[in-house]
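Written below as structure tokens is the structure these notes are about.
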Amino acid sequence: MTTETPARVRFAPSPTGVMHIGGLRTALYDWFLARKTGGQFILRIEDTDRNRYDPDAEWHIKESLKWLGLDLDEGPEIGGPYAPYTQSERLQLYQDAAERLIASGDAYYDDTTPEELAALRQRQQAAGQPPGYDNRGRYRTAEQIQESRDKGLEVVVRFKVPDHGELQVEDEVRGRLKFDLSLLQDFVILKSDGFPTYHLAHVVDDYEMGITHVIRGEEWIPSCPRHVLIQRALGISTPKYVHVPLITAQDGAKLSKRHGAQSALEYRDAGYTPDAVLNYLALLGWSPGDDTEVMSRSEIASRFEIERILSHPAKFSAQKLEWMNQQHIMKADEDELAEMMMPYLERPEEEGGLLEEIDRPIDRSIVRAMVPVLRERIKVLPDVIELIDFLFVDEVQPNPEEMIGRRMDEEMVFTSLNASIQALESLETFDGEAIEQALRGLTQSTGLKAGQLFTPIRVAVTAKRIAPPLFESIEVLGRERTIERLQRGLAIFSNYAGNRDD
RNA sequence: GCCCCGUUGGUGCAGCGGCCUAGCACGUCGGCCUUUCAAGCCGGAGAUCACGGGUUCGAAUCCCGUACGGGGUACCA
């Protein structure tokens with residue numbers, strides 16, 4: 001492995017809503033790079049838009065990172081050498097930077113009102129011209145600005161973009177990007193409320209915090225020259241830029257509510273494991289270079305390379321995610337898997353948990369015992385519920401009709417039930433192996449085929465047509481309850497068969 | 001409109017000038033196994049590598065156009 005210098009990377013979301021999986025994927029790449037190079041993974045909250053601020057968002061972001069297991073080295077609350085890590089607490093820094101830019105002639109105060117801007121835009125549209133600021137504020141005098149201030153008009157600070165020239169930016173994914181500066185208008189760096197815009201704030205912070213790699217979505221490419229311009233004017237270094245491709249929905253459009261779950265925690269609630277989501281997301285925009293798909297987080301972290309990040313957008317496939325989840329469930333440690341299943345079983349019935357009548361906390365030893373046969377039968381964790389609920393209730397309600405399987409008659413049902421009751425009663429040790437031996441032996445003595453023998457038993461014991469393997473189920477249910485159910489099944493079936501004959 | 005990025009089977013990737021009669025995975029179809037359901041195993045269908053020009057002895061791979069898709073064009077990030 002090549003020796004790499006430790007990367008300092010930051011995940012810098014804006015607290016404006018739930019954490020989208022696109023953002024999560026970016027955080028993932030940050031984390032992988034930090035872990036692989038032995039660097040730091042930093043969380044920075046970019047709350048410079050007071051209008052869109054959502055007080056719940058920060059919690060949601062942290063909860064999402066925690067769930068995925070992306071541990072932070074620095075961030076709000078936990079702190080770090082560059083605290084604070086919330087931009088609204090760092091305003092002085094941005095204001096100082098803006099003043100420095102004004103002093104050097106790279107920025108200026110602008111009192112153009114929103115109304116004027118709107119009117120300008122309208123005129124441009126009417127004239128068929130491209131909309132954009134016309135840099136009119138460049139020519140304001142200090143006196144004019146003061147006058148506006150006295151009148152109570154709002155003043156912003158704009159960055160002065162060179163009128164012409166080409167600016168090149170090195171992107172780690174796409175190579176050299178070129179931009180024509182004559183097409184870029186002067187842009188706001190400090191808003192009239194004293195808050196910085198993204199452009200100023202993140203450039204200042206990335207520098208202050210020693211960020212080495214800026215990993216962000218490709219929607220930032222067009223404004224990248226602004227960032228480099230600010231850096232040059234401030235005389236600070238440019239970090240490595242890593243613009244990662246977008247994640248789109250099946251129809252190629254931006255992922256949204258319409259396309260199924262979008263927030264990280266929704267996937268948690270739906271029963272996806274963190275490892276599977278992490279694995280799947282990692283592959284959406286990156287590949288290890290060979291055909292390996294199912295990987296542990298440490299394997300991904302060690303194989304992760306910026307050079308292998310893709311430059312084209314990836315479509316999110318819920319189907320493949322399901323498969324990935326299944327793969328991780330099948331590879332998981334059995335004790336851990338049982339623990340992972342518990343919350344889904346325990347949650348209230350109306351939230352998809354076990355029936356209300358079943359007392360909580362539920363018996364985890366039952367779940368644990370069934371894990372080996374459950375794991376390859378579920379795609380998401382809550383799938384276990386309908387597979388094993390019969391083990392938790394006192395009584396089941398088998399449908400006698402279902403006891404008559406394919407190529408079976410009533411007589412066979414009676415034979416199966418009677419013979420199995422007898423066989424199980426006389427068993428010395430009641431474990432899966434003994435149960436299997438005893439019941440399989442019955443095919444000889446009764447002349448029934450396996451399917452004919454087991455179908456009535458399955459229905460009587462589980463009241464299901466689709467159930468986990470029988471022998472394990474019976475072992476976990478216990479001799480007494482199994483026999484009880486077989487007898488009750490027999491009674492129900494007799495009643496059914498009797499009525500049917502009449 | 002203008003600017004930027006992208007384009008390999010339905011989907012996600014491999015491919016970084018000859019080993020490609022384009023490989024893997026998901027999905028799909030058929031079979032085997034089998035106490036149900038899964039899992040597993042075997043096999044099939046599915047791509048003129050968006051299109052058109054170059055460069056080269058040779059291009060999915062390099063260059064240029066076109067088309068299509070996406071992104072940006074805010075006192076939002």
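In the text below, chain A, chain B and the rest are named by the order of the sequence lines, each starting its count at 1.
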pair_partner(B:rU34), Watson-Crick or wobble, both distances < 3.5 Å, evaluates to none
side-chain N/O A:Ser287 vs B:rA14 OP1/OP2, d < 4.0 Å
yes
By nearest atom, which of the nucleotides B:rG23, B:rG72, B:rC16 is closest to the A:Pro222 side chain?
B:rG72
With both distances under 3.5 Å as the test, what is the Watson-Crick or G-U wobble partner of B:rA39?
none
Given the P atoms of B:rA60 and B:rG23, what is the spacing between them in whole Å?
14 Å
Using the test ring-ring contact (aromatic ring centres under 6.0 Å, His included), find all partners of A:Phe304 that sit at least two apart in sequence or belong to another chain.
A:Tyr29, A:Phe32, A:Trp286
What's the closest nucleotide to the A:Trp323 side chain, out of B:rC75, B:rC26, B:rG12?
B:rC26
Just checking A:Tyr133 against A:Phe187, ring centres under 6.0 Å apart?
no
Does A:Pro313 reach a base, just sugar-phosphate, or nothing at all? Heavy atoms under 4.0 Å.
sugar-phosphate
Does a side-chain N-to-carboxylate-O contact under 4.0 Å join A:Lys191 and A:Asp193?
no
May I ask which nucleotide in the shown strands pairs with B:rA25, Watson-Crick or G-U wobble, both distances under 3.5 Å?
B:rU11
For nucleotides 28-43 of chain B, read 5' to 3', which letter fits each nucleotide if B means a protein heavy atom sits under 4.0 Å from the base, S means only the sugar-phosphate is that close, and - means neither?
-------BBBBS----
Both distances below 3.5 Å, Watson-Crick or wobble geometry, any strand: find the nucleotide opposite B:rC49.
none
In Watson-Crick or G-U wobble terms, with both distances under 3.5 Å, the base opposite B:rC16 is none
Presence of A:Thr48 side-chain N/O under 4.0 Å of B:rA77 phosphate oxygens OP1/OP2
yes
With both distances under 3.5 Å as the test, what is the Watson-Crick or G-U wobble partner of B:rU55?
none
Check every strand shown and say whether A:Thr112 touches a base, only sugar-phosphate, or nothing at a heavy-atom separation below 4.0 Å.
base
Given B:rG12, B:rC75, B:rU7, identify the nucleotide with an atom nearest to the side chain of A:Thr197.
B:rC75
Please tell me if A:His312 has a side-chain N or O lying less than 4.0 Å from either OP1 or OP2 of B:rC13.
yes
Paired to B:rC68 by Watson-Crick or G-U wobble criteria (both distances under 3.5 Å) is B:rG6
With a 3.5 Å distance limit and no angle check, can you tell me whether A:Ser416 reaches the backbone of A:Leu453 through a side-chain donor-acceptor pair?
yes
Could you tell me how far B:rA39 sits from B:rC20 if I compare only their C1' atoms? Round to whole Å.
34 Å
Please classify the nucleic acid contact of A:Gly405 as base, sugar-phosphate, or nothing, using heavy-atom distances under 4.0 Å.
nothing
Across the strands shown, which category fits A:Arg121 at heavy-atom distances under 4.0 angstrom: base, sugar-phosphate, nothing?
sugar-phosphate
Check ion pair A:Arg138-A:Asp163 (N to O, under 4.0 angstrom)
yes
If you look at every strand shown and take non-hydrogen atoms under 4.0 Å, does A:Glu46 touch a base, only sugar-phosphate, or nothing?
sugar-phosphate
List in chain and number order the residues that pass side-chain contact (heavy atoms from CB on, under 4.5 Å) with A:Arg406, two or more places apart in sequence or in another chain; answer none if no residue qualifies.
none
Is it true that atom NZ of A:Lys240 has more than 12 heavy atoms of other residues, nucleotides or ligands lying nearer than 6.0 Å?
no
Of A:Asp49 and A:Leu284, whose closest RNA chain B nucleotide lies nearer the 5' terminus?
A:Leu284
Is it true that A:Tyr108 and A:Tyr139 have ring centroids separated by less than 6.0 Å?
no
Need one value for A:Leu310: base, sugar-phosphate or nothing, where a base atom within 4.0 Å counts as base even if backbone is also close, heavy atoms only.
sugar-phosphate
Within the structure shown, what part of the strands sits under 4.0 Å from A:Pro13 by heavy-atom distance: base, sugar-phosphate, or nothing?
nothing
Nucleotide nearest A:Glu219 (side chain, heavy atoms from C-beta), chosen from B:rA25, B:rC76, B:rG72
B:rG72
Parallel, tilted or perpendicular: ring planes of A:Trp220 versus A:His227, cut at 30 and 60 degrees:
tilted
Comparing A:Arg176 and A:Arg158 on RNA chain B - which has the more 5′ nearest nucleotide:
A:Arg176
Students often get this wrong, so: under 4.0 angstrom with heavy atoms, is A:Gly137 touching a base, only sugar-phosphate, or nothing?
nothing
Under-4.0 Å side-chain N/O to phosphate OP1/OP2 contact, A:Lys191 with B:rC76:
yes
Quick check for you: among B:rC4, B:rA77, B:rG71, whose closest atom lies nearest to any side-chain atom of A:Leu246?
B:rG71
Out of B:rA77, B:rC75, B:rU11, whichever nucleotide has its closest atom nearest the side chain of A:Ser317
B:rU11
Do A:Gln144 and A:Asp111 have side-chain N/O donor and acceptor atoms under 3.5 Å apart?
no
Check whether any side-chain N or O of A:Lys320 sits under 4.0 Å from OP1 or OP2 of B:rG12, and answer yes or no.
no
Indicate, with a heavy-atom threshold strictly under 4.0 Å, whether A:Val188 touches base, sugar-phosphate, or nothing.
sugar-phosphate
OP1 or OP2 of B:rG72 sitting under 4.0 Å from any side-chain N/O of A:Arg216?
no
